[in-house]
Amino acid sequence: MTSSTKSFALIDCNSFYASCERVFRPDLAKIPIVVLSNNDGCVIARSAEAKPFIKMGEPYFKIKDQLRRHNILAFSSNYALYGDMSERVMMTLESRLPSVEVYSIDEAFADLTGLPEPLDQLGYSLRADVLQITGIPVGVGIASTKTLAKLANAAAKRWQRQTGGVVDIRDPERRDKLLKAMPVEDVWGVGRRMTEHLKAMNIKTAWDMSNADTATLRKRFSVLVEKTARELRGISCLDMEPTAPAKKEICSSRAFGQRVYDLKGLQEAVASYTTRAAEKLRKQQSLCKVIQVGVRTGLFNPDEKHYARSLQCHLPYPTDDTRLLIQAAMQGLDHIYKEGPAYAKASIMLLDLCQRNEYTPDLFAPSQPGGTDHLMQTLDQINQRWGRNTIKPARVPASPGWGMQRQLLSPSYTTRLDQLWVAR
DNA sequence: TCTGGGGTCCTAGGACCC
DNA sequence: TCTGGGGTCCTAGGACCC
């Protein structure tokens with residue numbers, strides 16, 4: 001028996017959000033850019049030119065001077081634009097590759113096993129095609145396991161000029177050379193805490209981890225860490241997941257643009273988030289048995305009194321009806337609301353989900369109203385066609401006082417007719 | 001004044017059962 | 001001194017990802 005070696009690629013967009021902002025602003029090609037989180041809170045993406053000056057996660061208000069000094073342009077995040085650009089990139093990859101797994105908004109794995117050599121040439125042509133069709137630059141890492149492909153991709157990014165953005169480490173010699181050059185914290189699945197532990201065990205590089213005793217890793221940490229070490233050795237433990245499984249929980253949570261002090265404001269926010277979460281729920285055709293509502297004050301201002309509560313409410317039967325979910329969330333909110341605190345954030349979680357077609361109605365459950373399915377379907381269709389919140393629950397305000405701050409927002413070039421490019 | 005949002009998986013430990 | 005043993009299920013919390 002010969003074990004056939006697999007080939008994986010990890011294709012990753014460079015500075016994705018920043019690159020999206022540039023696609024429709026060619027004048028920004030050489031200008032450093034950062035993209036901010038919701039409410040213009042902190043930095044979540046940086047173009048290559050901005051990286052030397054600005055750290056990831058820095059609060060915007062703290063770095064305004066630095067941005068000005070280095071002529072760095074800041075943008076509010078524009079998820080309508082990024083989501084749409086992501087779809088274009090993924091469709092381009094899917095049209096050229098037999099098996100693609102969309103891993104995140106800016107990354108995809110591909111199974112290259114059995115495709116004609118040389119695979120690095122395939123990598124170069126993917127790069128060129130995606131750039132030409134979408135305007136987004138990508139890097140490609142190729143290896144015999146997913147974890148190694150991630151590492152190869154990191155190398156393609158780090159040594160972009162030398163590698164042309166494509167790195168193939170299927171050759172064991174090249175693989176080992178890279179493993180020795182990469183610090184252990186750059187390994188996929190090794191975060192900050194794990195890095196500390198591993199370093200204490202004298203495991204400092206990816207190479208050290210690939211040679212570590214797997215039984216010890218499993219015992220001291222978990223089976224995931226063990227798998228990571230095996231994958232670094234070239235033993236594939238993580239397979240492609242071609243179709244995304246249904247989510248097991250759905251969350252909608254957001255910090256407010258301004259502090260909220262009254263119950264009415266919280267009710268509006270909770271109703272809005274519940275509406276969003278219910279849309280996601282119906283999109284994957286699930287029903288929800290438990291809804292959790294939470295509120296909290298700010299985390300960082302020492303002058304504000306802390307208050308945080310959350311509560312789970314059990315629905316009488318699994319449902320995807322926005323109205324029932326809002327009703328339950330409102331009852332929960334009543335229980336955890338207290339007058340006084342300066343509320344900074346509310347959240348909704350839909351838990352204990354089941355698939356619509358797997359659900360067997362409970363003989364002893366309270367009688368279940370029929371006929372709401374069609375209503376929710378129609379609602380979704382109208383909002384899909386005419387834009388989010390064309391039809392919405394009365395409690396959801398059109399422009400709430402607590403809404404997001406996005407003062408540096410670029411136009412939604414690709415998803416809004418009224419914000420298209422204008423040719424003169 | 002101003003510090004993101006949305007997920008997954010694993011493990012330990014408690015509750016409970018026989 | 002010694003205070004059963006073994007199993008399942010659930011939950012909270014930790015760690016990780018982008």
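Being a predicted model, the structure only gives us computed values, none of them experimental. To find a chain, count down the sequence lines: A is the first, B the second, and so on, and within it residues start at 1.
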Mind checking who B/dC18 pairs with, Watson-Crick or G-U wobble, both distances under 3.5 Å? C/dG5

Interatomic distance, A/Leu350 CG vs B/dG5 P [rounded to whole Å]: 17 Å

In terms of side-chain heavy atoms of A/Val223, which of C/dC18, B/dG4, B/dC10 is nearest? B/dC10

Distance test, side-chain N/O of A/Lys345 to OP1/OP2 of B/dG4, below 4.0 Å: no

Whether A/Arg259 contacts B/dT1 is assessed here as follows: a side-chain N or O lying under 4.0 Å from the phosphate OP1 or OP2. Is that the case? no

Among C/dC18, B/dG6, B/dC2, the nucleotide that comes nearest once only the side chain of A/Asp106 is considered: C/dC18

With A/Cys13, which of A/Val130, A/Val138, A/Ile105 fulfils side chain to side chain contact (heavy atoms under 4.5 Å, CB included)? A/Val138

Should A/Asn301 be listed as having a side-chain N or O under 4.0 Å from OP1 or OP2 of B/dC2? yes

Centroid-centroid distance, A/Trp188 to A/Tyr103, less than 6.0 Å: yes

Between A/Glu304 and A/Ser222, which has a closest nucleotide on DNA chain B that is more 5'? A/Glu304

Could you check how far CZ of A/Arg220 sits from C1' of C/dA15, rounded to whole Å? 16 Å

Nearest-angstrom distance from the residue atom CZ of A/Arg218 to C1' of B/dC10: 12 Å

Reckon A/Ser77 touches a base, only the sugar-phosphate, or nothing at all at heavy-atom distances under 4.0 Å? nothing

A/Glu249 atom CD is separated from B/dG6 atom C1', nearest whole Å, by 9 Å

C/dC18, OP1 or OP2 - any side-chain N/O from A/Lys150 closer than 4.0 Å? yes

So A/Lys227, base contact, sugar-phosphate only, or nothing? Heavy-atom distance under 4.0 Å. nothing

From C-beta outward on A/Asn38, which listed nucleotide comes closest to its side chain: B/dG4, C/dC18, B/dG7? B/dG4

Between A/Lys204, A/Met194, A/Arg192, A/Lys199, which is the residue that forms a side chain to side chain contact (heavy atoms under 4.5 Å, CB included) with A/Glu185? A/Lys199

Within the 4.0 Å heavy-atom criterion, would you say A/Asp40 contacts the bases, only the backbone, or no part of the nucleic acid? nothing

With a 4.0 Å cut-off on heavy atoms, is A/Ile250 in touch with a base, just the backbone sugar-phosphate, or nothing at all? sugar-phosphate

So, taking the atom named CG in A/Leu315 and the one named SG in A/Cys313, what distance separates them when rounded to the nearest 0.5 Å? 8.0 Å

Quick check: closest heavy atoms across A/Lys345 and A/Phe256, and the distance to 0.1 Å? N-CE1, 3.5 Å

Can you tell me which nucleotide in B/dC9, B/dC2, C/dC17 comes closest to the side chain of A/Phe61? B/dC2

Just how far, in rounded Å, is C1' of C/dC16 from CH2 of A/Trp188? 11 Å

Is it the case that the side chains of A/Asp84 and A/Thr415 hold a donor-acceptor pair, with the cut-off being a distance below 3.5 Å and no angle test? no

Tell me whether A/Lys146 forms a cation-pi arrangement with A/Phe109, defined as NZ or CZ under 6.0 Å from the six-membered ring centre and within 45 degrees of its axis. yes

Using atom CE of A/Met349 as one end and atom C1' of B/dG6 as the other, report the distance to the nearest whole Å. 9 Å

Between P of B/dG7 and CD1 of A/Ile348, the distance in whole Å: 13 Å

Any A/Lys64 side-chain N or O less than 4.0 Å from OP1/OP2 of B/dC2: no

Indicate whether OP1 or OP2 belonging to B/dG6 is found under 4.0 Å from a side-chain N or O atom of A/Ser253. yes

Considering only heavy side-chain atoms of A/Pro59, the closest of B/dG7, C/dC18, B/dT3 is B/dT3

So what does A/Lys62 hit on the nucleic acid, given a heavy-atom distance under 4.0 Å: a base, only sugar-phosphate, or nothing? base

Kindly point out which of C/dC18, B/dG4, B/dG6 is positioned nearest to the side chain of A/Tyr79? B/dG4

A/Arg254 side chain, from C-beta outward: closest of B/dG5, B/dT3, B/dC10: B/dG5

Separation of C/dC16 C1' from A/Met209 CE (nearest whole Å): 12 Å

